[in-house]
Amino acid sequence: MLGEDGTAAGPADSVSDLAAAVAEREARQAPRWVWAATEEIYPGLLARLTVRPARCHDLKLVESLLLAHEERYGLPRALGAAWARLRGLPVPDDPPDGGPDDQPVLFAADRQRLPAGTDPLVAVAAVHADQQRRIALAEHPDRMRLLCAAESAGALAAAEMTYDGLPWSAAAHDELLTGMLGPRPTGGGTRPKLLGELAGQIQEALGRQVNPDSPAQLLPAFARVGVQIASTRSYVLREVEHPAAALLLRYKELSRIHSAHGWAWREQWAPAGRFRPEYVVGGVVSGRWATRGGGALQIPRSLRAAVVADPEHRLVVADAGQLEPRVLAAMSGDDGLARAAAEGDLYAALARTAFDGDRQRAKLGLLGAMYGQTSGEVRPLLDVLHRRFPDAMRLVESAARTGEAGGVVRSRLGRTSPPPSRDRQDMTDGDARAWGRFTRNFVIQASAAEWALAMMASLRRRLTALGDGGNSGAGPRLVFFLHDEIIVHTPEEQVQAVESAVAESADEARCLVFGRTPVLFPLETHTVRCYADAK
DNA sequence: ATCGTTCGCCAC
DNA sequence: AAACGTGGCGAACGAT
């Protein structure tokens with residue numbers, strides 16, 4: 001047990017029944033559990049717990065945030081490394097990242113890289129105290145404290161989502177696959193019927209044997225029938241008149257479904273009615289989550305029909321519309337943009353005031369400003385934005401200039417961009433501009449990720465209150481998270497409570513991350529049996 | 001055989 | 001039209 005200042009508030013307890021001890025402490029004092037790394041400790045713990053912890057402090061994730069903030073990006077961040085830096089010992093490298101099956105649980109302690117003979121409890125307490133001290137030294141300590149709490153809460157939610165899984169109907173998936181590809185091939189390695197037929201038709205149209213998966217074979221084959229193309233990318237093929245092009249486009253579409261999300265995929269990643277990707281918290285420099293396995297960042301829209309709620313359950317699907325431009329409006333304090341962002345459809349409002357009602361141009365222009373686009377069509381739109389929304393444009397332009405000059409930028413809560421991998425002197429102008437586009441986008445994308453993280457942490461707490469508070473299967477569960485979208489799987493009688501919790505979480509995140517702002521962060525919520533119906 | 005890179009597509 | 005940011009991943013392909 002640690003006091004507010006991070007020092008030990010009592011002697012260490014030794015417990016024989018961990019689940020009972022966690023449940024008892026959660027009920028009595030709602031502690032913030034401090035541990036070396038959620039991803040290594042919590043997944044194994046989850047199955048044994050009756051009550052899920054409300055809060056934690058993940059030393060490894062926080063170390064990462066602090067090192068970047070202190071412009072020491074990239075130093076080892078495991079507990080052992082932080083401890084060694086504190087004590088002036090040789091700093092061990094981090095173990096390579098890997099999945100949970102990468103190392104047996106038995107050796108989990110070794111992954112902290114603590115020097116032999118070090119008492120882990122002493123190291124945890126000391127590193128935690130040091131991190132508290134460093135948080136207080138941050139540019140905005142309160143924001144940094146919030147970021148560390150949100151990142152740690154995200155780590156709890158990530159492990160729980162992998163544990164609970166996204167409901168995935170094998171029957172619905174089969175129906176989709178069979179409709180698109182034909183019956184499942186029985187022999188190993190054989191193509192589904194429709195793919196084989198398409199491959200044959202492509203060969204016929206080109207008049208020779210080609211592997212439709214090989215651009216190197218396709219380009220000369222197309223040339224032989226008089227079609228000169230620079231690549232076999234789909235946007236190139238769409239402009240080609242030759243019948244082989246349409247067949248190849250169809251082949252590519254179906255082949256991708258088969259190889260990336262077909263029957264073999266399901267056996268590996270969604271074998272028992274649940275899709276369980278592994279989320280990598282802080283896996284993207286911008287603070288977005290990455291995933292390992294199963295391609296969870298890219299479930300094709302055409303397969304969403306396979307995500308089906310259990311009997312007497314519903315999916316509450318909520319997605320934050322136009323999140324990034326709203327973040328830009330809130331961060332920059334630009335009056336005009338904030339007025340547009342106070343409406344439900346930001347782009348429409350923007351179009352009304354600055355683009356003669358042309359919503360598409362308003363959207364293109366604003367996205368171009370946030371991504372650093374400069375080419376043709378968008379150029380005049382940027383000029384309009386500069387004139388009408390000078391404060392917003394100054395924010396993104398200043399972030400770009402900082403990056404071009406080799407500097408670092410920070411998100412709203414203080415997540416800090418990595419330094420460029422090369423010294424400014426060694427960068428070409430093209431490199432510098434590319435890095436400027438990265439830092440320009442970083443401030444927006446990273447701040448949007450913070451809003452999403454805060455929203456999810458708030459929702460997780462509210463959902464716990466709706467359930468029995470325990471770790472049984474009952475009650476609403478977060479089951480999916482993707483950048484600006486969440487899915488809650490809930491018993492149908494709790495749908496209304498979940499919908500309210502979602503709306504309250506969005507508003508709480510707005511207040512926590514951006515304080516007083518007229519900018520709205522609406523969540524569009526659809527309650528459905530099947531993900532495909534959430535549109 | 002195994003590894004790393006490139007192409008190309010999917011998602012936000 | 002493809003010089004606009006962040007990712008994951010599978011097949012082909014070239015290097016070892």
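Chain A is the first sequence line, chain B the second, and so forth, proteins listed ahead of strands; every chain is numbered from 1.
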Peer 1: Is any side-chain N or O of A:Lys252 closer than 4.0 Å to OP1 or OP2 of B:dG8?
Peer 2: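 No, outside the criterion.
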Peer 1: Just by distance, no angles: are the side chains of A:His483 and A:Glu485 close enough, under 3.5 Å, to form a donor-acceptor pair?
Peer 2: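 No, because no side-chain N or O of A:His483 sits under 3.5 Å from a partner of the opposite role on A:Glu485.
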Peer 1: Does this structure show an ion pair linking A:Arg401 with A:Glu404, if we count only N-O contacts that are shorter than 4.0 Å?
Peer 2: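 Between A:Glu404 and A:Arg401 there is a salt bridge, with a charged N closer than 4.0 Å to a carboxylate O.
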Peer 1: Checking A:Arg326 against A:Phe521: charged group under 6.0 Å from the ring centre and within 45 degrees of the axis?
Peer 2: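 Not flagged: A:Arg326 not positioned over aromatic ring of A:Phe521.
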Peer 1: Do A:Thr490 and A:Arg314 meet the criterion of a side-chain donor-acceptor pair at a distance under 3.5 Å?
Peer 2: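 No donor-acceptor contact under 3.5 Å links the two side chains.
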Peer 1: Let's go through A:Arg410 and A:His69 carefully: what are the C-alpha distance in whole Å and the side-chain angles of both, what is the deciding distance for side chain to side chain donor-acceptor pair (under 3.5 Å) to 0.1 Å, and is it a yes or a no?
Peer 2: CA-CA 8 Å; A:Arg410 297 195 207 281; A:His69 195 90; 3.2 Å; yes
Peer 1: Tell me, for nucleotides 8-16 of chain C in 5' to 3' order, what letter each nucleotide earns: B for a base near a protein heavy atom under 4.0 Å, S for only sugar-phosphate near one, - for neither?
Peer 2: BSSSSS---
Peer 1: Does C:dA3 have a Watson-Crick or wobble partner in any strand here, with both distances under 3.5 angstrom, and which is it?
Peer 2: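 Result: none.
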Peer 1: Considering only the C1' atoms, how many Å lie between B:dT5 and C:dC4, rounded to the nearest integer?
Peer 2: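 Approximately 24 Å lies between the C1' atom of B:dT5 and that of C:dC4.
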Peer 1: So which one's nearest nucleotide on DNA chain C is more toward 5', A:Thr374 or A:Val285?
Peer 2: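 Checking each residue's closest nucleotide, the 5'-ward one belongs to A:Thr374.
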Peer 1: Tell me if the side-chain of A:Arg301 makes a donor-acceptor pair with the base of B:dC10, cut-off 3.5 Å, by modelled atom types.
Peer 2: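 Answer no: no donor N or O sits under 3.5 Å from an acceptor.
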Peer 1: So what's B:dG4 paired with, Watson-Crick or G-U wobble, going by both distances under 3.5 Å?
Peer 2: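 Paired with B:dG4, as far as the under-3.5 Å criterion goes, is C:dC13.
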Peer 1: Heavy-atom contacts under 4.0 Å between residues 224-244 of chain A and DNA chain B, which residues?
Peer 2: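 The stretch gives A:Ser231, A:Thr232, A:Arg233, A:Ser234 as the residues lying under 4.0 Å from the strand, ordered by number.
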Peer 1: Please state how far atom CD in A:Glu324 lies from atom C1' in C:dC4, giving the value in whole angstrom units.
Peer 2: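 Interatomic distance, CD of A:Glu324 to C1' of C:dC4: 12 Å.
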Peer 1: Name the nucleic acid region contacted by A:Ile299, choosing base, sugar-phosphate or nothing; use a 4.0 angstrom heavy-atom cut-off, strictly under.
Peer 2: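 Sugar-phosphate contact only - A:Ile299 comes under 4.0 Å of backbone atoms but never of a base.
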